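Treat the numbers as computed from the prediction; the structure is a model and nothing was measured.
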Amino acid sequence: TFSAVDFDGAGAGTCIVWHLSFEDGLMGAEMGMNADDLQGCFSLSNPITVIRNTEGEACSSGTTDGPAVVVVNEIIAGDRVELKNIGGEAIDISSYWLCDFPAYDRINNLTVECGNLILEPGATITVITDNISIDSSDGEMGLYTTNSFSSSAAILDYVEWGSTNHGRSNVAIDANIWTIGDFVPGFAGDKSLSYDGEGNESGDWAETDATACQENGFRSSLPATSLVSVETMQNPVLDQLVLKVSTSAELDRVTIDIRNIYGTMVKSTEMVISAEDQLHSINISDVSSGLYYVSVREAYGLIQSTIVKL
């Protein structure tokens with residue numbers, strides 16, 4: 001909880017935060033001792049670094065911090081798939097999987113055409129599939145964190161084209177990242193199927209020229225920051241998450257995603273916004289207690305904030 005970790009009295013500098021689990025008899029955990037001096041039966045987590053500033057304005061709820069969010073960004077003719085990290089942290093995607101049922105490929109077994117397996121925020125990578133043979137007229141593509149291909153907790157992103165009800169579409173529907181009966185029209189064999197960066201529907205995809213490891217061309221130039229701002233009206237949250245969302249531009253819609261600390265989507269919704277502040281309520285009564293990241297996306301602009309669900 002926020003009250004359990006208070007940095008106000010720490011002064012400027014860097015703080016390292018661990019989680020410590022231990023049995024009776026632990027020695028060296030007293031204030032002023034070094035973590036290297038711990039003795040006994042214990043388990044120490046990986047550290048989180050907090051940089052404490054004492055000058056300037058307080059951080060707003062809208063921040064670019066947050067977990068990595070990797071999406072399928074382009075299906076390219078010639079058995080190539082482009083992925084993009086639209087989140088706020090770098091991530092190693094070497095253990096991720098691609099799926100076009102019944103064929104599967106692990107990312108680190110594939111030839112990298114451009115990009116890096118350590119995917120920085122905003123970066124893309126294009127890989128050449130091995131077992132998967134992409135049919136531009138009809139197919140699907142799922143992105144998974146593990147090879148549990150029937151698990152909605154393991155699937156990160158999904159698209160199907162040419163027809164509906166492919167082998168893994170039900171998994172994507174269960175994960176709230178695809179709509180039942182929805183599909184993108186097939187594309188020409190010398191073209192690509194490109195994602196516009198906004199949502200999880202067929203209308204977010206279109207046939208384009210191939211642009212491996214480049215922006216997909218839906219926006220000629222990207223702004224330095226997102227065109228939207230978001231403020232959480234109450235935090236921690238019980239049942240209703242209320243957000244104040246506004247924009248300085250004319251936008252048809254934005255996508256609001258809620259992900260857990262592992263980057264798994266738990267809720268996703270779309271809304272139309274105007275230049276005026278608008279309150280938007282999302283029912284999260286069915287979401288488990290814990291820490292979550294809320295992102296508001298428009299094209300390739302992304303802003304994130306953190307909430308605690310009670």
* Structure fact -> What one should report as the nearest heavy-atom pair of S202 and F183 is CB-O, 3.2 Å

* Asked: With a 4.5 Å limit on heavy-atom distance, are the side chains of T179 and N200 in contact?
  -> no

* Under 4.0 Å between a Lys/Arg side-chain N and an Asp/Glu carboxylate O for K191 and D209? -> yes

* Same apolar cluster: V308 and Y293, side chain cutoff 4.5 Å -> yes

* To do: Determine yes or no for a side-chain-to-main-chain donor-acceptor pair under 3.5 angstrom, with T129 supplying the side chain and D79 the backbone.
  => yes

* Asked: Is a donor on one side and an acceptor on the other found under 3.5 Å between the side chain of K267 and the backbone of I284?
  -> no

* Asked: Parallel, tilted or perpendicular for Y104 and F149, by the 30°/60° rule?
  -> parallel

* Asked: Judged by modelled atom types alone, do S268 and N176 share a side-chain donor-acceptor pair under 3.5 Å?
  -> no

* Asked: Same cluster or not: are L38 and M27 linked, directly or through other Ile, Leu, Val, Met, Phe, Trp or Tyr residues, by side-chain heavy atoms under 4.5 angstrom apart?
  -> no

* Asked: CD of E160 to CZ of R168: how many Å apart, nearest 0.5 Å?
  -> 13.0 Å

* Under 6.0 Å from the CD1 atom of I180, do we count more than 12 heavy atoms belonging to anything else shown? -> no

* Taking all non-hydrogen atoms of both residues into account, name the closest pair between A77 and S192 and its distance. => N-OG, 4.3 Å

* Asked: When hydrophobic residues are tied together by side-chain contacts of less than 4.5 Å, even through go-betweens, does I128 share a cluster with I132?
  -> no

* Point-to-point distance, once rounded to the nearest 0.5 Å, from CG of L44 to CH2 of W18 -> 6.5 Å

* **side-chain contact (heavy atoms from CB on, under 4.5 Å) partner of H280, the single match among T269, L241, V296** => T269

* Asked: If you round to the nearest 0.5 Å, how far is CD1 of I282 from CG of D239?
  -> 13.5 Å

* Asked: Going hydrophobic residue to hydrophobic residue with side-chain gaps under 4.5 angstrom, can you get from V127 over to I76?
  -> no

* **Q234 atom CD, neighbour heavy-atom count above 12 within 6.0 Å** => no

* Path from V112 to I93 over hydrophobic side-chain contacts below 4.5 Å -> yes

* Nearest heavy-atom neighbours spanning G186 and W161 -> CA-CD1, 4.2 Å

* To do: Could you tell me whether the side chain of L143 reaches within less than 4.5 Å of the side chain of L98, counting heavy atoms only?
  => yes

* Going from CD on E30 to CG on D37, what distance comes out if it is rounded to the nearest 0.5 angstrom? -> 10.0 Å

* Reported CZ-to-OG1 distance for the pair R80 and T126, which is rounded to 0.5 angstrom -> 7.5 Å

* Go through the structure and list residues passing side chain to side chain contact (heavy atoms under 4.5 Å, CB included) with A123, not counting sequence neighbours. => L119, E120

* Asked: So, H166 and D100: side-chain donor and acceptor under 3.5 Å apart, yes or no?
  -> no

* Using only heavy-atom distances, determine whether the side chains of E74 and T211 contain a donor-acceptor pair under 3.5 Å. => yes

* Asked: Roughly how far, to the nearest 0.5 Å, is the OG atom of S95 from the CG atom of N109?
  -> 11.0 Å

